[in-house]
Undergrad: 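My questions all concern the structure below.
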Amino acid sequence: MSDSLSGLATLGSLWRRRRVLGAVAAAVLGLAVLALIVLPVRYLATASVIVAEQEPGAAASMSPAWAQKVGDPADLESQLLVIRSPRLLRLVMSAPGVIPAVVKECERGRWMGGGGSCDKLATDPSAFIDHVDNRFSVASAGRSRVINISYQSSLPETAQTLANALTQVFLDDQRNEGANSREVASSWIWQELKQLDQQLRAADEKIQQFRRTKGLMRGANAPISSERLTSIGQQLSQAEAARAEAAARLQEIKSEQERGPTDAPSVLASRTIADLKQQLTAVSAQLASAATMLGPKHPSILSLSREQAMVQQRLVDEMQTIAASAKKAYDANDALVNSLKKQMDAAKAEAGSATLDEASIESMVRDTEIKRQQYAELYKKASELETERRVLRGSTRLVSLAELPNKPFFPKKIPFLAAGATLALIFGVGAALLADRVAPRASGEAGPAVPEPVQPPARQVAEIARGPALAPEETARVPDPSAAADAQRPDLPEIAGVPILACLPRLKSLRQLSTVGAILQDYRNLAIPQALRLASEDAEFQASIHALVQEMAIGVPGQTRRIVVTSPESGEGKTTSVCALAEHLAAAGRRVLIVECEPLHPNVAQVLSLPPGPGLIGVLSGATAVTDAVIRTEHPNLDVLPLGQGTVPTADLLFGAKLAELLSGLCSYDVVLIDSALPAPNSPYLSGMDWAVLCVRNDRPVIEPVVSAISRIKALGAGHVGVVVTMTEAERTCPPQATFTATDAYARAG
């Protein structure tokens, strides 16, 4: 509602000052047209490049760093800074056709003769950079990776030349930078390859020399020492097996010799023994056959006996020969085993030493193989870098060169005139509102015929509010806007024997809007902060507040006035009146304290945007001191003691106390304004208070609650009791006849 009221008031002000609005708007629009004609024409040429594009040959092996670089805003910003760098601008200076174009542009743009400053552009790089730097514009195209390089000039040919020159210089610089980096990397890699080649040759020579020194030759399947150890081991096994077999035969033969010839396997294995045994059997058979027929002395018997003895002797001799042969075989195999064992020990020692040497050789060979792999990889990388350097295109690619601009870039007629019209409207509205606020409205102008008094400056209002505290000479200099009205004002009427101290008018803006058709049904629809802002700007309202200050004699030096402001019901304008009176006195230089004693509708803290605190409830409960509960506001002369928050029964605790004793520690203030609900009867609540003011709304239809409230306040012990009528329709009509006719009759009857 307040926004719509303010809008209607603004429209009324614009209508009253329409001539000022039209004159200022026409002047501004004329200046815009003149500027459009006078301002020099400038042309803009734009070239485009795309950065962070994937290089050829990198599709299959894109590094993570390159993948992160693509589309990185930081990388794009870096490219923009590189393009605007003085180094590239110096390179642009050496591009063909740039110096003549810049000199021609400089000579075209001079307003007076003399070409000394333009001649420096051809020889002084600093002057050249200062001239062209502000004319270049480098920016990215939206969220893409395309960069637009633009140049503004009064000559279209110069704009095209400079934009293309910087674009070509940037592309060449990017390409050369990439090629130089690859050339440096390739040179370093070739140097590393040369060193690796020398190291590999030295390592191979060292390995071969070590093999020759240690005798580390290889056989068919393994080193010679290992194969020799294997061969000796096999021979030793065979020799030990042969020795064991010879030992068994020898042991068998020896045991048979002790028991006599038998059918021992080792004996039967001899062919000679078998023949002799067969021969002995035949001779023994002949001897037995002849003995049956011949006598023992027979020559045949004797001959056979001798032959039998000979065969037996030969058999014994043969058995001894076999035993001697077995002994020799055992001795030979035993000697072979001992010899092979010695060879085995020597071969083991040689193989162990060879193993350590082979380990050293393997380590050397492994290092050499690593270097060979590194050599191969570096050689491959060097070849790739060499190939890339020869075919390098760079990560920056040209999108388009700048074309010759045919249409001027600045000023453009339609946008320029639209901006001029907008500024003309803005300045016209501002001038009209300022004129309506500063100059008084003539009686003959169109608009609602509502009397509008001139609003005095804030300093005068503050000085007027000081009242008796002003020095005599200052009082003589400051005019009192209410002096004439007070001189003609009759004695204020009374309600139930209590004087009406002042009548606070409805705000001027609301009264004006009601005359132009705005329907204002309820003043309470206006928020208290908005009402306070409008009240501070309303001269009539401030004059009424000043009259109230004079009626209560507020401002006497050395005295602290304690004033309780209450109302019979809510919605009477009590809180608004308290805040407006406090701001008026604070602006006049008085030290003011607002104390909130409204347990049903506490809103002072919300209106003044105060931080939470213990407040008056904390003081009553004994949790904090009264001086610690006071909160300072943005105004240096205005402090607030809010109600606060708590769980104690607020109304009983509040109205059972004595305000004078409760506020005894707050003696540094000139005025203490207490926003209080109507106190309960039979309470020392108002004892010691200087004033008890009852706020009554002008359009109140019933008077009985007012009279009852006045009677209750008189019984509570306040020093002075008065009534303030709020929301009156016209100044100094107090009380309005429509409302207080019945009141006067009731008071007289009472």
Undergrad: Are any of the side-chain heavy atoms of V102 and V98 separated by less than 4.5 Å?
TA: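 SC-SC contact between V102 and V98 confirmed.
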
Undergrad: Quick check: closest heavy atoms across G420 and L29, and the distance to 0.1 Å?
TA: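 Taking every non-hydrogen atom into account, C-CD1, 4.1 Å.
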
Undergrad: I'd like to know whether CG of L81 has more than 12 heavy-atom contacts from other residues, nucleotides or ligands below 6.0 angstrom.
TA: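 Counting other residues, nucleotides and ligands, CG of L81 exceeds 12 neighbours.
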
Undergrad: First locate atom CG of L236, then atom OG of S339, and finally report the distance between them rounded to the nearest 0.5 Å.
TA: 10.0 Å

Undergrad: Is there a side-chain contact between Y151 and L44 (heavy atoms, below 4.5 Å)?
TA: no

Undergrad: Of D331, N333, D334, which meets side-chain hydrogen bond (donor to acceptor under 3.5 Å, both in side chains) against R243?
TA: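 Exactly one option meets the side-chain hydrogen bond (donor to acceptor under 3.5 Å, both in side chains) with R243, and it is D334.
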
Undergrad: Surrounding OH of Y375 (heavy atoms of other residues, nucleotides or ligands, distance under 6.0 Å), is the total greater than 12?
TA: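 It does: Y375 OH has more than 12 such atoms within range.
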
Undergrad: Can you list the residues that meet the salt bridge (Lys or Arg N to Asp or Glu O under 4.0 Å) rule with D133, with sequence neighbours excluded?
TA: R84

Undergrad: Hey, what do you get for CZ (R108) to OG1 (T158), rounding to the nearest 0.5 Å?
TA: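 So the CZ of R108 and the OG1 of T158 are separated by 9.0 Å.
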
Undergrad: Got a salt bridge between R135 and E105, using NZ or NE/NH1/NH2 to carboxylate O under 4.0 Å?
TA: yes

Undergrad: Using 4.0 Å as the upper bound for N to carboxylate O, is an ion pair formed by D367 and K371?
TA: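 Here K371 does not pair with D367 in a salt bridge, since their nearest N and O are not under 4.0 Å apart.
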
Undergrad: Roughly how far, to the nearest 0.5 Å, is CD of Q374 from CD of E377?
TA: 7.5 Å

Undergrad: What distance do M93 atom CE and R90 atom CZ have between them, rounded to the nearest 0.5 Å?
TA: 9.5 Å

Undergrad: Determine whether the aromatic ring centres of Y43 and F409 lie less than 6.0 Å apart.
TA: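 Not close enough - the centres of the two rings lie 6.0 Å or further apart.
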
Undergrad: Can you confirm whether the side chains of S150 and S137 place a donor and an acceptor under 3.5 Å from each other?
TA: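 The criterion, which ignores hydrogens and geometry beyond distance, is not satisfied for S137 and S150.
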
Undergrad: Does the side chain of L80 come within less than 4.5 Å of I147's, by heavy atoms?
TA: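 Yes. Closest side-chain heavy atoms under 4.5 Å.
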
Undergrad: Can you tell me how far the CG atom of L401 sits from the CG atom of L171, to the nearest 0.5 Å?
TA: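 Going from the CG atom of L401 to the CG atom of L171 covers 8.5 Å.
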
Undergrad: Yes or no on side-chain contact (heavy atoms from CB on, under 4.5 Å) for V51 and F170, after CA distance, side-chain angles and deciding distance?
TA: CA-CA 11 Å; V51 299; F170 174 65; 4.3 Å; yes

Undergrad: Got a donor-acceptor contact below 3.5 angstrom from the R145 side chain to the I50 backbone?
TA: no

